[in-house]
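Take a look at the structure below.
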Amino acid sequence: MTTFRMPADEAEARAVQDALRTRVVLDEPGPPPGTGRVTGVDVAYDDERDVVVAAAVVLDAATLDVVAESTARGRVTFPYVPGLLAFREIPTVLAALEALPVDPGLVVCDGYGRAHPRRFGLASHLGVLTGLPVIGVAKNPFTFRYEQPGPRRGDFTPLLDGDEEVGRALRTQDATKPVFVSVGHRTGLDDACAHTLALARDFRQPETTRRADALCRAALREALT
DNA sequence: GCGACAG
DNA sequence: ATCTTGTCGC
């Protein structure tokens, strides 16, 4: 486990990403989809009141039942800058993960991993700091190119940065917009997509993300009361 | 230089 | 991310 350091400015943040990206592990298959535990993490903000709340929700990968959950409250310590999202979210997310009473298993987060200008998005960063297998599932293609995948659940196309496949546009429900999956740490792209499909049985987004989103929003409301 | 731009 | 009512559709 590496300690998180808040960079003083954007240039330093990019340098941190360039330094840590060498620690990403890409040659592990990761935990088998549908087994063990899967944990969703998400963050909600109130920039005016300077409050940020993160939530972590652990599910049984086979049943999608909630096994455990936690929240953590913090302060806004970094602005949103495309490409530097991790520095805004990670401190509070780490606190929420550390508050869990059980091992998280595979972590699923909003945003990207390898699909990033420096190949080190939120999912990669979170993986390197915790050592956990992590994947990223985003709701839009950011700056990357892709062809529209087929219309059925499970259809996918490569998400491209130039001619490099950095992730996939994956259809998780028939006739709905695809989600954008990329590897974070200690997981392969095929398995990342398999996990995403298993977790998105009933909705476009993974159940992990839906649960974590609902929890951090509720916790933020409570924190503002 | 201008626009685009995960959450 | 967040600001926000009604509304179309299963």
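Note that these values count all heavy atoms, side chains included, but never hydrogens, waters or copies made by symmetry. Given the structure is predicted, the values throughout are model-derived calculations rather than measurements. Residue numbering restarts at 1 for every chain, and letters A, B, ... go by the order of the sequence lines.
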Only counting residues at least two apart or in another chain, list the ones meeting salt bridge (Lys or Arg N to Asp or Glu O under 4.0 Å) with [X].
X	result
A/Asp18	A/Arg21
A/Arg171	none
A/Asp110	A/Lys139

(Q) Do A/Thr208 and A/Arg211 have side chains that approach each other closer than 4.5 Å (heavy atoms only, starting at C-beta)? (A)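 Sidechains of A/Arg211 and A/Thr208: no contact.
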
Would you check if the side chain of [X] reaches a backbone N or O of [Y] as a donor-acceptor pair within less than 3.5 Å?
X	Y	result
A/Thr157	A/Gln148	no
A/Arg114	A/Gly167	no
A/Asp161	A/Glu164	no

**Q.** Closest contact, heavy atoms only, A/Pro32 versus A/Thr35
**A.**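 Answer, listing the atom of A/Pro32 first, then A/Thr35: O-OG1, 2.7 Å.
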
Q: Please report the closest heavy-atom contact between A/Val134 and A/Gly127, naming both atoms and the distance.
A: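 Reported closest heavy-atom pair: CG2-CA, 3.5 Å.
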
Q) Taking the inter-plane angle between the rings of A/His125 and A/Phe4 on a 0 to 90° scale, is it parallel (under 30°), tilted (30 to 60°) or perpendicular (over 60°)? A)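 If you compare the ring of A/His125 with that of A/Phe4, the planes turn out tilted.
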
Q) So A/Tyr112 and A/Phe144, would you call those rings parallel, tilted or perpendicular, with 30° and 60° as cut-offs? A)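 If you compare the ring of A/Tyr112 with that of A/Phe144, the planes turn out perpendicular.
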
Mind listing the side-chain donor-acceptor pairs of residues 77-92 of chain A below 3.5 Å, one per line with the distance, residues two or more places apart or on another chain?
{"from": "A/Arg88", "atom 1": "NH1", "to": "A/Asp47", "atom 2": "OD2", "distance (Å)": "3.4"}
{"from": "A/Arg88", "atom 1": "NH1", "to": "A/Phe78", "atom 2": "O", "distance (Å)": "3.1"}
{"from": "A/Arg88", "atom 1": "NH2", "to": "A/Asp47", "atom 2": "OD1", "distance (Å)": "3.2"}
{"from": "A/Arg88", "atom 1": "NH2", "to": "A/Asp47", "atom 2": "OD2", "distance (Å)": "3.1"}
{"from": "A/Glu89", "atom 1": "OE2", "to": "A/Tyr45", "atom 2": "OH", "distance (Å)": "3.1"}

(Q) Distance check needed: C/dT2 P versus A/Leu224 CG, whole Å only. (A)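 For the pair A/Leu224 CG and C/dT2 P, the rounded distance is 11 Å.
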
Q. Mind checking who shares a hydrophobic cluster with A/Leu160, ILVMFWY linked at side-chain heavy-atom distances under 4.5 Å?
A.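 Listed partners: none, A/Leu160 stands alone.
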
Listing, residues 187-195 of chain A side-chain donor-acceptor contacts under 3.5 Å, not counting sequence neighbours, or none:
{"from": "A/Thr187", "atom 1": "OG1", "to": "A/His185", "atom 2": "O", "distance (Å)": "3.0"}
{"from": "A/Asp190", "atom 1": "OD1", "to": "A/Arg168", "atom 2": "NH1", "distance (Å)": "2.9"}
{"from": "A/Asp190", "atom 1": "OD1", "to": "A/Arg168", "atom 2": "NH2", "distance (Å)": "3.0"}
{"from": "A/His195", "atom 1": "ND1", "to": "A/Asp191", "atom 2": "O", "distance (Å)": "2.9"}
{"from": "A/His195", "atom 1": "NE2", "to": "A/Pro31", "atom 2": "O", "distance (Å)": "3.2"}

Q.
Requiring both pairing distances under 3.5 angstrom, list the stems that contain DNA chain B and are made of three or more consecutive Watson-Crick or G-U pairs.
A.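 Result, WC/G-U stems under 3.5 Å: none.
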
Q) Does anything in residues 168-183 of chain A reach DNA chain C, meaning a heavy atom under 4.0 Å, and if so which residues? A)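 Per residue number, the list is empty: none.
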
Q: Determine which bases of DNA chain C form Watson-Crick or G-U wobble pairs with both distances under 3.5 Å, and write the result as a 5' to 3' dot-bracket string with | for other-strand partners.
A: ..........

(Q) One character per nucleotide, please: for nucleotides 1-7 of chain B, 5' to 3', B when the base has a protein heavy atom closer than 4.0 Å, S when only the sugar-phosphate does, - otherwise. (A) ----BBB

Q: Mark up nucleotides 3-10 of chain C, 5' to 3', with B wherever a protein heavy atom is under 4.0 angstrom from a base atom, S wherever such an atom reaches only the sugar-phosphate, and - elsewhere.
A: --------

(Q) Which residues pass the side-chain contact (heavy atoms from CB on, under 4.5 Å) test with A/Arg49, not counting sequence neighbours? (A)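 Partners of A/Arg49 under the side-chain contact (heavy atoms from CB on, under 4.5 Å) test: A/Asp46, A/Val51, A/Leu224.
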
